[in-house]
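Predicted, not measured: the structure shown is a model, and the values here were computed from it. Throughout, a chain's letter reflects where its sequence line sits, starting with A, and its residues are numbered from 1.
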Amino acid sequence: MKPLEGILVIEFSQFMAGPSAGLRLADLGARVIKIERPEVGEGTRQLAIKNLFIDDDSLLFHTINRNKESYTADLKNPEDLKRIKKLIISADIMTHNFRPGVMEKIGLDYETVRGINPKIVYGVVSGYGPLGPWAKKPGQDLLIQALSGLSYLSGSANDHPTPMGLAVCDILTGIHLAQGILAALIRRGKTQKGGLIEVSLLESTLDFQFEVLTTHFNDGGKHPKRAKQGNAHAYLSAPYGIYKTKDGYLSLAMTPITKLATLLQIDIPRAYKLEKNWFDKRNEIMDLLRSVFITKTTEQWLVLLEKENIWCSNVYSYKDLLEHEGYKALQMDQDIITSNGKNIRTTRCPIRIDEERYYNTKSGPKLGEDTERIIKEFSL
Amino acid sequence: MKPLEDILVIDLSQFLSGPSASLKLADLGARVIKIERPETGDICRKLYVSNVNVNGNSTVFHAINRNKESFTADLKSSTDLERLIKLIKRADVVIHNFRPGVIERLGLDYKTLTKINPEIVYGEISGYGKEGPWKAKPGQDLLLQSLSGLTWLSGNKSDGPVPMGLAIVDIISGAHLVQGILAALIRKGITGKGAKVEVSMLESVIDLQFETITTFYADGGQPVERTKSNNAHSYLGAPYGIYKTKDGYLALAMGKIPILGNLLKCEALTAYKTPSSLFDKREEIKYILSKHLMTGTTKQWLAILEPADIWCSEVMDWKTLMETEAYQSLQMEQMVEMGDGFKFKTTRCPIRIDGEILLSPKGTPNLGEHNKHIVSEFNL
């Protein structure tokens, strides 16, 4: 039995953050019904990356919304709204990411919904939290990366602010939403009462930086300083970073410089033997290491360093990774099948429970694919 | 009432991934007892970043281990082990991140523990899963970023691999562990049975890339291409990126190029009319935009773009962000106090429950601070 079997989720959320939480709940066994606008459906259906579509919907939509059902409703139509309210009576969870005020206008705000179903766990995703001067600004991943200080942590010293090249804020926010919802379900098991869970992209992105922010609060408010070249973490000492070799790259994590010098058979100035200078003189030390690593191939360095239990690694592309035995052994891929019989290869839920990997072949639903069936099933 | 009140977590893990999971459980209301080696404790205590030492511990350790208790036990001593097992009898959750094989040798593997406590939810984090050629490799954040293809997503085309400048793999795998543990606790509430929950850093960092890997499979495995300049997401079209202005930086997310051209009075942009040109011609568009945006200040551009509902933002460092009313209204900071009276500032849990922020005034435990208390409380 998957842990969330029997749990019903009504998902009004669109785009990435909310729906990625819905996907995780679905993969853990919940039944997730997406509520979508007639005709157009959720925004991601038409939001393609690299112009990739599978039938009428973007590949991205399938990636985030596989393993869900679709129910169309015009929330401004009283008939449709009545049916939704009836459906909510049977639900355990609902989520949305409308801007503040929208659900109040529709009449599906937490207070109203709680009146219909006191056991509901009601999840809300916003850009910047429920209050404050930014509450109504659009919450979008890159904008949050830009506002939150995050873009000053990646890249090297002379680079422009460097965003992380994935929707990390959306993803983390979705993870936090799922965590909050699950915790509220645990509480409900004891108290029989639901709850309101709110997360925002900005708060989740600040939480993402909790280690370095705590350092910033306690180091006199210094700005993060990225290393001159090959930076991998603004706050970590040499050799932490990526180095070019004769034929590729080598990444190197925390390693005492003295030990490294011995293994690489290089003489280092006395100053570099002091641990404190591994941070203060990080650029000079990394320069020296760069001049050494470029002289041999990645494989040669790995053979030398791994034997001594140095934390180091090759740097792989997707092709290198996905064809590697180390990847295949995970059995991380799964094929999902659309209602038109098309195959889409994607990845599975990363959590294993009781030694079991969870797979599911259900693709993203066609718009309104399940409306009729759901009306019957719940007598809406 | 915080949702996880009355839940007891025994955390045997070190570094970031496991302890960040138990921090989230603690902030959601659980009681977390950290089991540490006598004398040295969690290695993270001494993992100083930028040479900052706060009340005898690294700032990173403080950030990750506040709101917990510390109990020292030598797992090779039978007396200590016996005490620990007595403690686990009373626990709801156990977490560890030992390398494969170690936990079995200690006799604290899932099978053994279920005999002592059949309701236990047992969370395990590994680097690369338990099977395959990488299983014995050290699971360290930068190495996982390097192996998983992640370093080719950030930065610009001519940069080498660019890691994300935070321990993102640790953080994501810890967050997945929390999801799995909470889901298992919900099931336990229904069935009375515990569970084994496993995550690995590799599976978690693959899941983080579910969007781009699914695209990679669908586009025939084309190499990931970052743009020459202003890259923020290798798979997205123009204008997605951060641009230099006369006095700072501006982030621009999605937007129709001719509309941008008109708004910014940049005629060259009005030629890019077809939706597919956003991706296919992104290098040209970004080049034109980057030249043009240099002719005005960030404020000037925002004054034009924001009223037109273009998704854009100033790029801020922490100092600028923290001076905004919007940041202050989030109340994202909290002061915590250690047992010895030392106070420090850190961030709070990002999840709001029932309209309330969750604060936890308890600071970081000193090594073994709670031994006496725990021994007498649990009759160990």
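- With a 4.5 angstrom heavy-atom cutoff, A/Lys190 touches chain B only via side-chain atoms.
- For chain A, the nearby parts of B/Ile168 are the backbone and the side chain; heavy atoms of each come within less than 4.5 Å.
- Only the side chain of A/Arg24 comes within contact range of chain B, with heavy atoms under 4.5 Å apart.
- Side chains of A/Tyr318 and B/Thr212: a donor-acceptor N/O pair is present below 3.5 angstrom, by distance only.
- In this structure, chain B has a heavy atom under 4.5 Å from the side chain of A/Leu52, while its backbone stays farther away.
- When heavy atoms are compared at a cutoff of 4.5 Å, A/Thr162 approaches chain B solely by way of its side chain, counted from C-beta outward.
- Heavy-atom distances place both the backbone and the side chain of B/Val197 under 4.5 Å from chain A.
- No donor-acceptor contact under 3.5 angstrom links the side chains of A/Ser313 and B/Ser146, judged on distance only.
- Interface residue A/Tyr235: backbone and side-chain heavy atoms are both found under 4.5 Å from chain B.
- Side chains of A/Ser317 and B/Pro223 form no contact here, defined as non-hydrogen atoms less than 4.5 Å apart.
- A salt bridge (Lys or Arg N to Asp or Glu O under 4.0 Å) with A/Arg352 is found for one member of B/Glu124, B/Glu198, B/Glu203 and no other, namely B/Glu203.
- Contacts between B/Asp317 and chain A at a heavy-atom distance below 4.5 Å involve backbone atoms as well as side-chain atoms.
- Side-chain contact between B/Phe216 and A/Lys319 is present, with at least one heavy-atom pair separated by less than 4.5 Å.
- Both the backbone and the side chain of A/Gln209 have a heavy atom closer than 4.5 Å to some heavy atom of chain B.
- Contacts between B/Ala184 and chain A at a heavy-atom distance below 4.5 Å involve the backbone alone (N, CA, C, O).
- Contact annotation for A/Ile344: only side-chain heavy atoms (C-beta onward) come within less than 4.5 Å of a heavy atom of chain B.
- Contacts between A/Ser151 and chain B at a heavy-atom distance below 4.5 Å involve the side chain alone, from C-beta outward.
- Remark: A/Arg187 engages B/Asp354 in a salt bridge, criterion side-chain N to carboxylate O under 4.0 Å.
- Of the atoms belonging to A/Ala183, heavy atoms from both backbone and side chain fall under 4.5 Å from chain B.
- No side-chain heavy atom of A/Thr63 sits less than 4.5 Å from a side-chain heavy atom of B/Thr215.
- A salt bridge between A/Asp354 and B/Lys193 is absent, with no side-chain N of the basic residue lying under 4.0 Å from a carboxylate O of the acidic one.
- Of the atoms belonging to A/His62, not a single heavy atom falls under 4.5 Å from chain B.
- The part of B/Thr324 that comes within reach of chain A is its side chain, from C-beta onward, which places non-hydrogen atoms under 4.5 angstrom from that chain.
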Chi angles and distances behind the salt bridge (charged side-chain N to carboxylate O under 4.0 Å, His left out) call for B/Lys130, A/Glu355: CA-CA 10 Å; B/Lys130 284 179 311 192; A/Glu355 311 264 331; 3.5 Å; yes
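- With a 4.5 angstrom heavy-atom cutoff, B/Trp152 touches chain A only via side-chain atoms.
- When heavy atoms are compared at a cutoff of 4.5 Å, A/Ile171 approaches chain B solely by way of its side chain, counted from C-beta outward.
- Remark: of the listed residues B/Arg348, B/Arg352, B/Lys24, B/Lys24 is the sole one forming a salt bridge (Lys or Arg N to Asp or Glu O under 4.0 Å) with A/Asp207.
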